[in-house]
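Written out below as structure tokens is the structure these notes cover.
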There are 2 protein chains.
Amino acid sequence: MTFNLEKFLPYRLRILYDTITHSFSPIYIKQYKLSPSEWRVLASIAGSGSVTAKQLGKHSRMHKTKVSRAVFELSKRNLIVKVPNKNDLRETFLEVSELGGEMYRKLSIRAIEFDNKMLSCLTQNEQLALDEIIEKLQKHAETNFYSHD
Amino acid sequence: MTFNLEKFLPYRLRILYDTITHSFSPIYIKQYKLSPSEWRVLASIAGSGSVTAKQLGKHSRMHKTKVSRAVFELSKRNLIVKVPNKNDLRETFLEVSELGGEMYRKLSIRAIEFDNKMLSCLTQNEQLALDEIIEKLQKHAETNFYSHD
DNA sequence: TTAAATTAGTTTCATTTAAAACTATATTTA
DNA sequence: TAAATATAGTTTTAAATGAAACTAATTTAA
């Protein structure tokens with residue numbers, strides 16, 4: 001069997017991710033002046049209600065300095081609020097502000113639209129299959145391969 | 001309908017790509033001292049026989065400066081050779097050297113192994129479905145969304 | 001044909017990134 | 001307890017990145 005880079009999963013995923021993300025990112029970059037990290041952090045916080053930077057970073061696989069800087073920027077713009085944990089002052093809970101929630105709601109509408117349009121090239125069955133396949137691969141990769149920290 | 005980041009395709013693809021690539025990259029990084037770009041460029045050249053930096057960058061979605069630097073390094077280590085195009089001296093054809101071919105063959109064996117192990121969590125049908133789905137999404141994203149150059 | 005515009009690839013420079021060192025808390029253990 | 005170790009998050013430093021300027025060659029158009 002001869003190797004074919006074009007069919008190599010990591011290579012294909014990278015190209016697909018790159019293409020798709022660059023199709024969506026202009027929306028939050030241009031219209032809301034958010035960096036990719038900032039959008040990701042805002043959406044993560046909004047989705048979870050309240051998280052620490054550590055939890056957020058681990059869950060969304062972002063480097064802690066990236067999270068730290070995104071949090072700093074979002075906080076500066078009053079899009080999120082930092083609530084110190086009274087029981088452990090090393091960590092702070094992150095929550096979206098009124099303003100941040102508004103921005104998030106507007107952006108998430110665009111995100112849903114985008115996702116629907118993107119997935120519209122697949123049949124209903126394929127969409128379901130893709131969901132399951134990603135889930136399986138992710139779990140498999142995490143338990144059998146991935147190691148970091 | 002409420003937005004769920006965890007089910008958002010760009011987000012999921014990024015995390016899956018990140019997990020998978022970090023599972024494979026130690027092989028070429030530690031054992032062959034190649035950067036991700038260098039591995040990608042080496043494999044691209046090996047796969048196509050002879051390409052220009054421009055073609056390679058476009059096809060594999062790498063920034064031209066990244067390609068330029070990877071080519072410089074690989075060339076310095078005699079893993080690839082640069083063959084000037086006699087008919088247009090602005091461009092040079094890139095080809096793998098004897099040494100580079102050897103490294104590529106060894107690495108591609110590891111890549112095939114990795115891919116097989118990664119895909120082994122899917123049924124045969126799911127593997128076929130995934131192939132088709134990626135193909136469809138890639139084409140759809142390129143023609144309907146992506147714009148860069 | 002020569003001047004203007006274009007192209008492939010490189011280099012420079014400003015920005016982004018991650019690794020490592022750091023600060024401040026909190027926990028463990030002697 | 002007090003000293004030693006660990007942890008969350010930030011800042012500093014060094015490396016990687018991409019945008020823009022550049023070089024050398026080619027093509028277009030006056």
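In what follows, chains are A, B, ... by sequence order, proteins preceding strands, each numbered from 1.
Between B:Arg61 and B:Glu142 a salt bridge is recorded (basic side-chain N to carboxylate O distance below 4.0 Å).
Sorted by first and then second residue, the ring pair (Phe, Tyr, Trp, His ring centres under 6.0 Å) pairs involving residues 54-98 of chain A (not counting sequence neighbours) form an empty list.
With a 4.5 Å cut-off on side-chain heavy atoms, A:Leu137 and B:Met118 count as touching. Within the 4.5 Å cutoff, the side chain of A:Arg40 has heavy atoms near those of the A:Met62 side chain. Within the 4.5 Å cutoff, side-chain heavy atoms of B:Lys136 are placed close to those of A:Glu126. Side-chain contact check for A:Leu56 versus A:Val71: every heavy-atom pair is 4.5 Å or farther apart.
Using the six-membered ring where Trp is involved, A:Phe114 and B:Phe8 have ring planes that are perpendicular, over 60° apart on the 30 and 60° scheme.
Along DNA chain C, the nucleotide nearest to A:His63 and the one nearest to A:Leu89 differ in position, and the one closer to the 5' end is contacted by A:His63.
Under the rule for a side-chain hydrogen bond (donor to acceptor under 3.5 Å, both in side chains), the partners of A:Lys76 that lie at least two apart in sequence or sit in another chain are A:Glu73. A search for side chain to side chain contact (heavy atoms under 4.5 Å, CB included) contacts involving B:Gln31 returns B:Arg110, not counting sequence neighbours. In this view, A:Glu135 and B:Lys7, B:Arg12 satisfy the salt bridge (Lys or Arg N to Asp or Glu O under 4.0 Å) rule, not counting sequence neighbours. Under the rule for a side chain to side chain contact (heavy atoms under 4.5 Å, CB included), the partners of B:Ser97 that lie at least two apart in sequence or sit in another chain are B:Val81, B:Leu99. Residues meeting the side-chain hydrogen bond (donor to acceptor under 3.5 Å, both in side chains) test with A:Ser108, sequence neighbours left out: none. For A:Tyr28, the ring-ring contact (aromatic ring centres under 6.0 Å, His included) partners two or more places apart in sequence, or in a different chain, are A:Phe24, A:Trp39.
Within residues 28-42 of chain B, no residue has any heavy atom closer than 4.0 Å to DNA chain D.
Of all nucleotides in DNA chain D, those with any atom nearer than 4.0 Å to a heavy atom of chain B start and finish, going 5' to 3', at D:dT17 to D:dT26.
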**Request:** Indicate for each nucleotide in nucleotides 4-9 of chain C, in 5' to 3' sequence, whether protein heavy atoms under 4.0 Å reach the base (B), only the sugar-phosphate (S), or nothing (-).
**Result:** --BBSB

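Note: CE (A:Met62) to P (C:dA19) measures 14 Å, nearest angstrom. Nucleotide C:dT27 holds its C1' atom 14 Å from the CG atom of A:Asn87, rounded to whole Å.
Where the helix from C:dT1-D:dA30 to C:dA30-D:dT1 starts and where it ends, the local axes point in directions that differ by 10°; five pairs per end, rounded to 10°.
Interatomic distance, B:Asn85 CG to B:Thr92 OG1, rounded to the nearest 0.5 Å: 9.0 Å.
In terms of hydrophobic clustering, with Ile, Leu, Val, Met, Phe, Trp and Tyr side chains grouped at heavy-atom distances under 4.5 Å, A:Leu122 and B:Leu128 are assigned to different clusters.
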List, with names and distances, any nitrogen or oxygen atoms from the protein found under 3.5 Å away from nitrogen or oxygen atoms belonging to nucleotides 13-15 of chain C.
none

